Number of protein chains: 2
Amino acid sequence: MELDERKMTILRAIIQNYLETGEPVGSRTISKYTDLNLSSATIRNEMSDLEEMGYILQPHTSAGRIPSDKGYRLYVDMLMQDKQTEMDNLKLELNAKSEKLDNILKEAAKVIAVNTNYASLITAPRYHKHRIKFIQLTQVDPESLLAVIILEGNIVKNNLIHIDEELTQETLLKFNLMFNTFLQGLDLQEINASVMQKMRNESGGYSAMISDILDVIATSLESEEVEAYTSGSTNIFKYPELNDSAKASTLLSVLEEKKELTELMYQEGDSDRGIQVYIGDESPIEATKDCSVVTATYHIEEGVYGKIGIIGPRRMDYEKVVGTLRNLMTELDQIFRKDKE
Amino acid sequence: MELDERKMTILRAIIQNYLETGEPVGSRTISKYTDLNLSSATIRNEMSDLEEMGYILQPHTSAGRIPSDKGYRLYVDMLMQDKQTEMDNLKLELNAKSEKLDNILKEAAKVIAVNTNYASLITAPRYHKHRIKFIQLTQVDPESLLAVIILEGNIVKNNLIHIDEELTQETLLKFNLMFNTFLQGLDLQEINASVMQKMRNESGGYSAMISDILDVIATSLESEEVEAYTSGSTNIFKYPELNDSAKASTLLSVLEEKKELTELMYQEGDSDRGIQVYIGDESPIEATKDCSVVTATYHIEEGVYGKIGIIGPRRMDYEKVVGTLRNLMTELDQIFRKDKE
DNA sequence: TATTAGCACTCATATGGTCTGAGTGCTAAC
DNA sequence: GTTAGCACTCAGACCATATGAGTGCTAATA
């Protein structure tokens with residue numbers, strides 16, 4: 001059997017109607033909804049064909065049809081190769097001159113959630129491959145040293161380190177010089193035993209302290225857990241098909257945990273700002289089997305990127321979601337570009 | 001009518017039984033549950049009295065009794081003046097030498113949520129009254145300046161500032177000296193126009209940049225929003241009385257928003273590590289009318305404190321919650337003390 | 001050959017009645 | 001003051017029936 005023009009029209013009508021109402025749609029509805037001027041009986045025949053082909057299915061014998069995952073997939077694929085759908089421009093409301101990364105991300109997550117009415121998750125860019133740009137050690141009080149580490153992409157990390165012995169201004173200066181000379185331009189993998197050994201040799205009696213400091217720097221860099229922010233997780237209550245306590249509960253746990261989702265988002269890698277759509281069972285996460293997940297990538301600079309995800313019901317307004325994401329990407333790209341100029 | 005010993009025993013039995021089961025408790029249950037050796041009929045009479053006095057109530061005519069807010073209140077008050085209830089010692093699993101504040105807090109929230117099976121919220125200590133201990137400006141690249149601000153209590157804030165003009169090493173040194181001389185020991189309120197004017201006068205042609213930097217420092221200090229971390233918010237699904245989608249939804253929104261809750265927690269001020277219990281309607285937040293909220297205060301140093309809150313159903317295991325909180329307080333106090341030595 | 005009208009059939013959901021059991025309040029006896 | 005006994009209440013479970021949206025199939029129509 002062949003998926004001709006008319007079947008496509010009917011399929012699209014079914015999907016769109018279902019996206020709006022969330023109820024199975026019947027032949028009569030389609031007969032009126034489309035401008036094909038066909039009777040419900042004809043539509044029924046076509047629907048029967050579509051069902052046989054696997055694009056739609058019946059929840060139970062005497063109900064209307066709903067799109068299957070295969071149906072959604074077809075619809076989404078059509079959508080993606082469509083013209084860029086223009087969306088209302090969303091603006092991140094960022095005001096201060098020197099917004100910190102995490103504020104931008106939080107704001108972005110919020111904007112998405114509010115605009116789409118789905119739940120959103122955004123991850124900070126990954127550090128692993130970040131090179132150290134600058135290290136600054138400062139004596140805060142007699143017992144603590146503050147280490148500020150700036151990574152490429154202007155990501156700032158700071159850590160307090162306890163020390164047993166007050167350092168003179170001079171030693172501190174020497175330390176600073178040494179750390180920057182040895183570590184600048186390196187990433188975590190490159191801080192190996194040989195580098196550390198060399199540094200200890202030059203430490204002039206402070207070798208234990210140097211080890212401590214290196215330790216702190218390393219742990220602060222490696223921290224495998226990627227920062228992630230969610231927003232609008234309670235939006236899922238707006239969709240009856242997710243709004244039973246078992247589903248909502250597991251879904252919210254996943255959103256609270258974040259870890260699994262983050263991994264899902266990163267597993268496909270830096271796919272050239274492509275937008276990925278996971279429909280229902282396509283997602284590897286058990287808890288999101290009843291949902292669709294749409295992910296996108298934003299770029300800070302070469303090789304440094306983060307991910308945005310939207311989680312909603314299968315009957316997600318894919319068109320709007322994809323549009324909104326595309327939009328936010330450019331918005332974010334601009335912000336980061338401006339940030340660098 | 002008088003609340004004699006026997007009525008108290010019965011009331012306590014009712015409450016404890018209801019805490020366990022969540023079901024209204026009947027006279028027969030109490031008759032067996034207590035060692036008073038009274039028939040169910042007698043218990044019924046007593047219960048009738050307790051109801052008249054307002055300590056218990058009937059959800060409907062032919063059901064057992066459940067504690068009223070007044071009943072809970074009595075129970076909680078008794079509990080609080082009781083001996084220190086000993087709890088299993090909970091340990092925060094903190095490993096690294098220089099844990100950052102927010103990690104400690106996140107961990108604490110999690111420990112509480114896991115231990116009690118309720119939702120928890122913890123706020124970072126408030127800054128307002130923090131004095132500036134140390135400011136460090138660093139040139140990160142030709143276009144950006146990094147300002148690291150250390151407040152009393154060793155709270156570190158950092159901000160990137162965009163500048164139009166590269167600074168010489170010398171100017172930077174001068175800036176650093178100046179900012180520390182003028183601002184050290186001040187809190188936000190004390191950075192007034194006169195101080196700022198003086199600084200601009202001494203800036204030697206950089207007055208605009210100085211203004212910018214002061215701006216950033218001020219905004220980063222004032223940031224009214226207190227950092228807050230939640231954990232275990234999905235625990236609320238474990239309690240049938242909260243597990244309908246309307247209630248769960250509003251409750252989770254409040255937990256996600258955090259702001260309202262944070263305010264509730266701070267409104268009672270630094271009540272000498274007292275533990276506050278809000279039962280149902282006693283809470284000023286509409287969304288938690290069906291819940292109880294227990295709050296506690298932890299101290300970092302004189303005048304610097306944060307709050308922990310636990311949100312659960314009215315029939316919360318108050319004894320355990322209060323115990324757990326007391327325990328965590330000491331644990332936190334120790335960590336911060338160690339931190340300072 | 002494609003479309004349509006008509007009809008029997010299915011089945012989820014709503015409605016309403018009955019039954020059951022847990023629990024009460026009251027009264028009279030102990 | 002305590003208890004046994006009994007009538008009463010009422011939420012929730014269970015069941016039967018009605019309703020209506022929707023289907024598939026067949027025969028008539030264009």
Side-chain angles (χ1 to χ4, degrees), chain A residues 1-11 13-15 17-18 20-68 71 240-241 243-244, chain B residues 1-11 13-15 17-18 20-68 71 240-241 243-244:
Chain A
M1 207 172 331
E2 193 197 358
L3 191 66
D4 58 16
E5 187 68 27
R6 196 170 76 177
K7 285 193 172 54
M8 282 292 290
T9 315
I10 292 173
L11 178 58
I14 292 175
I15 295 184
N17 196 291
Y18 182 66
E20 276 173 37
T21 64
E23 297 292 316
V25 321
S27 53
R28 234 176 86 78
T29 315
I30 297 298
S31 161
K32 285 183 292 181
Y33 193 71
T34 61
D35 45 5
L36 290 172
N37 281 323
L38 291 174
S39 80
S40 62
T42 314
I43 303 287
R44 274 204 289 286
N45 290 331
E46 294 288 42
M47 281 165 104
S48 176
D49 291 352
L50 283 170
E51 180 162 9
E52 203 178 318
M53 286 188 274
Y55 292 114
I56 55 180
L57 46 85
Q58 266 182 304
H60 55 263
T61 325
S62 67
R65 306 301 216 285
I66 62 174
S68 69
E241 63 266 48
N243 188 350
D244 87 278
Chain B
M1 209 170 332
E2 193 196 0
L3 191 66
D4 58 16
E5 186 68 28
R6 196 170 76 177
K7 286 194 172 55
M8 282 293 291
T9 314
I10 292 172
L11 178 58
I14 293 175
I15 294 184
N17 196 291
Y18 182 66
E20 276 173 37
T21 64
E23 297 292 317
V25 321
S27 52
R28 233 176 87 79
T29 315
I30 297 298
S31 160
K32 284 183 292 183
Y33 193 71
T34 60
D35 45 6
L36 289 173
N37 281 323
L38 292 175
S39 80
S40 63
T42 314
I43 303 288
R44 274 204 290 287
N45 290 330
E46 295 288 40
M47 281 166 106
S48 175
D49 291 351
L50 282 170
E51 181 163 11
E52 204 179 318
M53 286 188 274
Y55 291 112
I56 55 181
L57 46 84
Q58 266 182 303
H60 54 263
T61 326
S62 67
R65 305 302 214 289
I66 62 173
S68 69
E241 62 266 48
N243 189 350
D244 86 280

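Only heavy atoms go into these numbers, but all of them, side chains included; no hydrogens, no water, no symmetry mates. Quick caveat, the model's predicted, so the values are computed rather than measured.
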Using whole Å, what does the distance between atom [atom2] of nucleotide [N] and atom [atom1] of [X] come to?
X: B/N17; N: C/dA22; atom1: CG; atom2: P; value: 15 Å
X: A/Q58; N: D/dG22; atom1: CD; atom2: C1'; value: 8 Å
X: B/N45; N: D/dA4; atom1: CG; atom2: C1'; value: 12 Å
X: B/I14; N: C/dG23; atom1: CD1; atom2: P; value: 12 Å
X: A/D49; N: C/dT3; atom1: CG; atom2: P; value: 11 Å
X: A/L36; N: C/dA2; atom1: CG; atom2: P; value: 16 Å
X: A/I43; N: C/dA2; atom1: CD1; atom2: P; value: 16 Å
X: A/R28; N: D/dG24; atom1: CZ; atom2: C1'; value: 17 Å

Worksheet item: When the nearest nucleotide of DNA chain D is assigned to B/R44 and to A/G64 on a heavy-atom basis, which residue is associated with the more 5' position?
Response: B/R44
Could you report the tightest heavy-atom contact between [X] and [Y], atom names first, then the distance?
X: A/L57; Y: A/S68; value: CD2-CB, 3.7 Å
X: A/E23; Y: A/Y18; value: O-CD1, 3.1 Å
X: A/G64; Y: A/P59; value: O-CD, 3.3 Å
X: B/S40; Y: B/S27; value: O-CB, 3.5 Å

Tell me what [X] touches on the nucleic acid: a base, only sugar-phosphate, or nothing, going by heavy atoms under 4.0 Å.
X: A/T61; answer: sugar-phosphate
X: A/S27; answer: sugar-phosphate
X: A/A63; answer: sugar-phosphate

Worksheet entry | Below 4.0 Å: OP1/OP2 of C/dT4 and any side-chain N or O of A/S39 | yes
Worksheet item: Is there a side-chain polar atom (N or O) of B/R6 under 4.0 Å from OP1 or OP2 of D/dT2?
Response: yes
Worksheet item: Is there a side-chain contact (heavy atoms from CB on, under 4.5 Å) between A/E46 and A/L38 once you walk through the steps?
Response: CA-CA 11 Å; A/E46 294 288 42; A/L38 291 174; 5.6 Å; no
Discussion item. With a 3.5 Å cut-off and heavy atoms only, can you find an N or O donor on one side and an acceptor on the other between the side chain of B/S62 and the base of D/dT9?
Written reply: yes
Worksheet item: Side chain of A/R65, base of D/dG24: donor and acceptor closer than 3.5 Å?
Response: no
Worksheet item: Choosing from C/dT4, D/dA4, C/dG25, which nucleotide comes nearest the side chain of A/A41?
Response: C/dT4
